[in-house]
Amino acid sequence: MSTREMLAISALAAGAIASWYLGRPQAEEVTATPAIGNEQRGYYLKSARILGTSPSGELLYELRAREAEQLGETSVSFTDVRINYSPQSDVPWSVDADTATVFADEKRVLLEGHVRAISTEGFSGGDTEIRTEYLDIYPEDFLAETDQRVQIRFGTRSLTATGMMASLRENQVRLKSNVHGKFAP
C-alpha cells in the first residue's frame, strides 16, 4: 500500500469517527416536553344530556345540548340548549337558548343568545313566553333572573321591561324596571 492510499484510508476513518462522535446523543441533553396550560381542552361531547337531581336523588330537570365542551377546570359550555323540568318537580316551564355555561362551583346556569322560556300553564290559561338575550337560571331552586331587556307574551298581550326575576315553580314573574305593555281588547 502506498503512502497516498494510507493517508486516504486514515482520512476516511477519521471522518467516520468524527461524524459518529458529533451525531451521538449527548448525555446531558434534556428533551423538552410541552407545558400543560390553559389552552389545553378537556372533554368534548355531542348530544349531551345532564340530569339534575334533588338531595334525595329524585329527577328535577334535564339539560340537553347539541354539543358540550369543558372549558378549563371550572366550567362547561353547551350549544343549542334545552332545559326541561321533570313532571315530579311540578314546574310548567321549559327553557332553550343558543348557548349555556355551567360553572363547577355554582348552582347557576348562564344562558345566552335567543333565550326563550315557555310555560304551558301561563296566565289566562294560555301559553306564556319570555324572551331575552341573557338569563341566569338556578334550576335546582326553580329561579331565573336577568338584568337585560325582556319581552313577555301571553295571548295577544305583550310586556317589555328591563330586568326580571321569575319563580318557575310558583309560576310568578316580577319585572324590575322600565315596564311597558300592549294589551289588545
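Just so it is clear, the values below take in all heavy atoms, side chains as well, and ignore hydrogens, waters and symmetry mates. A quick note: this is a predicted structure, and the numbers were derived from the prediction, not measured. We're numbering straight along the sequence, starting at 1.
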Do [X] and [Y] have side chains that get closer than 4.5 Å, going by heavy atoms?
X	Y	result
T146	D136	no
V95	L111	yes
L51	R49	yes
L135	L110	no
V76	Y43	yes
D80	E67	no

Heavy-atom closest contact ([X] atom, [Y] atom, distance):
X	Y	value
L60	S89	O-OG, 3.4 Å
Q151	S158	NE2-OG, 3.7 Å
D147	T162	O-CG2, 3.6 Å

*Are F142 and Y61 near enough that their ring centres are under 6.0 Å apart?*
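Between Y61 and F142, which both carry aromatic rings, the centre distance is not below 6.0 Å.
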
*asked:* Taking K176 first and then E145, would you say they form a salt bridge - that is, a charged N and a carboxylate O separated by under 4.0 Å?
replied: yes

_Looking at R149 and E133, is any side-chain nitrogen of the basic one under 4.0 Å from a carboxylate oxygen of the acidic one?_
no

*Let me see the working for V102 and F78 under side chain to side chain contact (heavy atoms under 4.5 Å, CB included), right down to the final yes or no.*
CA-CA 8 Å; V102 175; F78 298 89; 3.4 Å; yes

*CZ of R116 to CZ of R153: how many Å apart, nearest 0.5 Å?*
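Those atoms lie 10.5 Å apart.
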
